[in-house]
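Only a predicted model underlies this, so the values are computations on that prediction, with no experimental measurement involved. The chains referred to below are lettered A, B, ... by the order of the sequence lines, with proteins before strands, and numbering in each begins at 1.
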There are 2 protein chains.
Amino acid sequence: MKPSESEKIAGRYAYDGLDRIIHEKARLSIIASLAGHSEGLLFNELKELCSLTDGNLSRHLAILQEADLVQMWKGTRNKRPQTLARLTEHGRRRFLEYVSRLERVVADASRLTGQSGAGAALRPRTT
Amino acid sequence: MKPSESEKIAGRYAYDGLDRIIHEKARLSIIASLAGHSEGLLFNELKELCSLTDGNLSRHLAILQEADLVQMWKGTRNKRPQTLARLTEHGRRRFLEYVSRLERVVADASRLTGQSGAGAALRPRTT
DNA sequence: CTCTCTTACTTTACACCATAAAGTTAAAAT
DNA sequence: ATTTTAACTTTATGGTGTAAAGTAAGAGAG
């Protein structure tokens, strides 16, 4: 593949759009889980799906709620408190946008071809 | 889209394979840049491509070097010190592995949201 | 020659944050 | 009545991403 001009522009690989709140692994897990369950997921279901500890999940949910990506519903089931989490519409959009940025990272990675830049003279040849 | 059995298994969305060293945004930028330039990139080229500050880049390169994902070559150009960074073979493999995990995240997202690609990403939908 | 300026990084310090451990509340069981 | 279990929440700590300050050394001015 021919090296294109865009390869060299400043910030080409800055991946600005990779939302920090979503990019964090634990939260990415949570959001991906919720994305597939529009009716929401219970605290414990989420805990299992994402392999998170109670405290961990609680903290991340609070952060996601704060950012208006997730909304929480508190109720009771069999007289026990139950928390239901679901994506907000805003959260769903932000997630889809995040994923579209991820697709770019994947696409970049697919173009793994050698090409030469400036300063070739001093470049060592060995690996 | 019919919910399959695998949707419910514990850890389904834990995304264990998302290597923390690579997953960090700044380092992902660096590695993606280097992946496309097998001959390596100079410190300043990298700085531009990734929109990082000097100190930031320096620190992340040290971390990547420590993890044997990147190797550094120090030389001079026009009597000025120049640092060249390039992916190690190990780094290249780890990056490809990481990207294959990312592909799964993207695939999950497409399947779970019933939408594909960046273009469709922001199509409105009912709550 | 020496003093300042610029380049090319490195080191340090701080603020943030992910995580695990401890704490809380309330129902159920003994 | 008190212990246990469930379902979280809060606190504490260790790690880390980042900007600011620091270092070294060549180049140019006087």
Side-chain angles (χ1 to χ4, degrees), chain A residues 10-11 13-16 18-31 33 40-67 69-86 117-119 121-123, chain B residues 10-11 13-16 18-31 33 40-67 69-86:
Chain A
Y13 290 97
Y15 297 138
D16 274 338
L18 282 187
D19 188 325
R20 304 239 41 183
I21 293 184
I22 300 178
H23 191 62
E24 171 62 31
K25 197 161 82 101
R27 291 190 296 258
L28 179 56
S29 294
I30 294 169
I31 294 177
S33 303
L41 285 169
L42 296 176
F43 190 93
N44 281 320
E45 293 174 331
L46 221 32
K47 201 176 86 173
E48 284 295 306
L49 282 172
C50 303
S51 303
L52 293 170
T53 60
D54 288 13
N56 220 227
L57 176 55
S58 179
R59 194 93 202 340
H60 286 304
L61 282 176
I63 290 169
L64 290 170
Q65 189 175 20
E66 175 65 23
L69 299 180
V70 164
Q71 59 187 177
M72 313 277 271
W73 299 83
K74 268 139 202 305
T76 51
R77 248 163 76 102
N78 307 331
K79 303 242 179 124
R80 294 212 155 276
Q82 296 271 267
T83 303
L84 185 80
R86 60 194 304 184
L122 73 92
R123 289 182 153 89
Chain B
Y13 291 98
Y15 297 139
D16 275 339
L18 282 186
D19 189 324
R20 302 231 54 170
I21 293 184
I22 299 179
H23 191 63
E24 171 61 32
K25 197 162 83 100
R27 290 190 296 258
L28 180 56
S29 294
I30 294 169
I31 294 178
S33 303
L41 285 169
L42 297 176
F43 189 94
N44 281 321
E45 292 173 332
L46 221 32
K47 201 176 84 174
E48 284 295 305
L49 282 171
C50 302
S51 302
L52 293 169
T53 61
D54 289 12
N56 220 227
L57 176 55
S58 179
R59 191 103 197 337
H60 286 302
L61 281 176
I63 290 169
L64 290 170
Q65 189 175 22
E66 175 65 24
L69 298 180
V70 165
Q71 58 186 180
M72 313 276 272
W73 299 83
K74 268 139 202 305
T76 53
R77 200 164 68 134
N78 306 333
K79 302 249 181 115
R80 292 208 156 277
Q82 295 274 270
T83 303
L84 183 82
R86 61 196 308 187

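- Across all strands shown, A62(A) has no heavy atoms under 4.0 Å from either base or sugar-phosphate atoms.
- Both H60(B) and Q82(A) lie near DNA chain D, and the one whose nearest nucleotide falls closer to the 5' end is Q82(A).
- In terms of phosphate contacts, R27(A) brings a side-chain nitrogen or oxygen within less than 4.0 Å of OP1 or OP2 of dA18(C).
- Looking at the side chain of D54(B), the nearest of the listed nucleotides dT19(C), dT10(C), dT18(D) is dT10(C).
- Residues L52(A) and S29(A) fail the side-chain proximity criterion, which asks for heavy atoms closer than 4.5 Å.
- Atom NE2 in H23(A) sits roughly 12 Å away from atom P in dA18(C) (whole-Å rounding).
- Between N44(A) and dA7(D), a side-chain N or O to OP1/OP2 separation shorter than 4.0 Å is present.
- Minimum interatomic distance between L18(A) and K25(B) (heavy atoms only, all atoms of both residues): O-CD, 3.4 Å.
- K74(A) comes within 4.0 angstrom of sugar-phosphate atoms only, judged by non-hydrogen atoms across all strands, and of no base.
- Of the side-chain N and O atoms in T53(A), one or more sit less than 4.0 angstrom from OP1 or OP2 of dA20(C).
- Comparing P81(B) and G55(A) against DNA chain D, the residue whose closest nucleotide sits nearer the 5' end is G55(A).
- Using a 4.0 Å heavy-atom cutoff across all strands shown, L52(B) reaches no nucleic acid atom at all.
- Here S58(A) does not reach the OP1 or OP2 of dC8(D): none of its side-chain N or O atoms lies under 4.0 Å away.
- Among the protein residues, R20(B) comes within range of the sugar-phosphate backbone only, with heavy atoms under 4.0 Å from sugar or phosphate atoms but none that close to a base.
- In the set dT9(D), dA27(D), dA6(D), dA27(D) carries the atom at the smallest distance from any side-chain atom of R80(B).
- Whole-Å rounding puts the E24(A) CD to dC17(C) C1' distance at 8 Å.
- Taking atom CG on L61(B) and atom C1' on dG17(D), their separation rounds to 14 Å, with Å as the unit.
- What separates CD of E45(B) from C1' of dA8(C) is a distance of 14 Å, to the nearest Å.
- Summarising the geometry, the separation between CG on L57(A) and P on dA6(D) is reported as 17 Å, rounded to the nearest angstrom.
- Of all heavy-atom pairs spanning S33(A) and L46(A), the tightest one is CB-CD1, 3.8 Å.
- Scanning both residues, K74(A) and T83(A), for their nearest heavy atoms gives NZ-OG1, 3.4 Å.
- Looking only at side-chain heavy atoms (C-beta outward), E24(A) and I63(A) stay at 4.5 Å or farther from each other.
- Taking only side-chain nitrogens and oxygens, N78(B) never comes nearer than 4.0 Å to OP1 or OP2 of dG26(D).
- L28(A) places its CG atom 15 Å from the C1' atom of dA18(C), with the value rounded to the nearest Å.
- In this structure, R59(B) places its CZ atom 13 Å from P of dA13(C), rounding to the nearest Å.
- Atom CE in M72(B) sits roughly 15 Å away from atom P in dA8(C) (whole-Å rounding).
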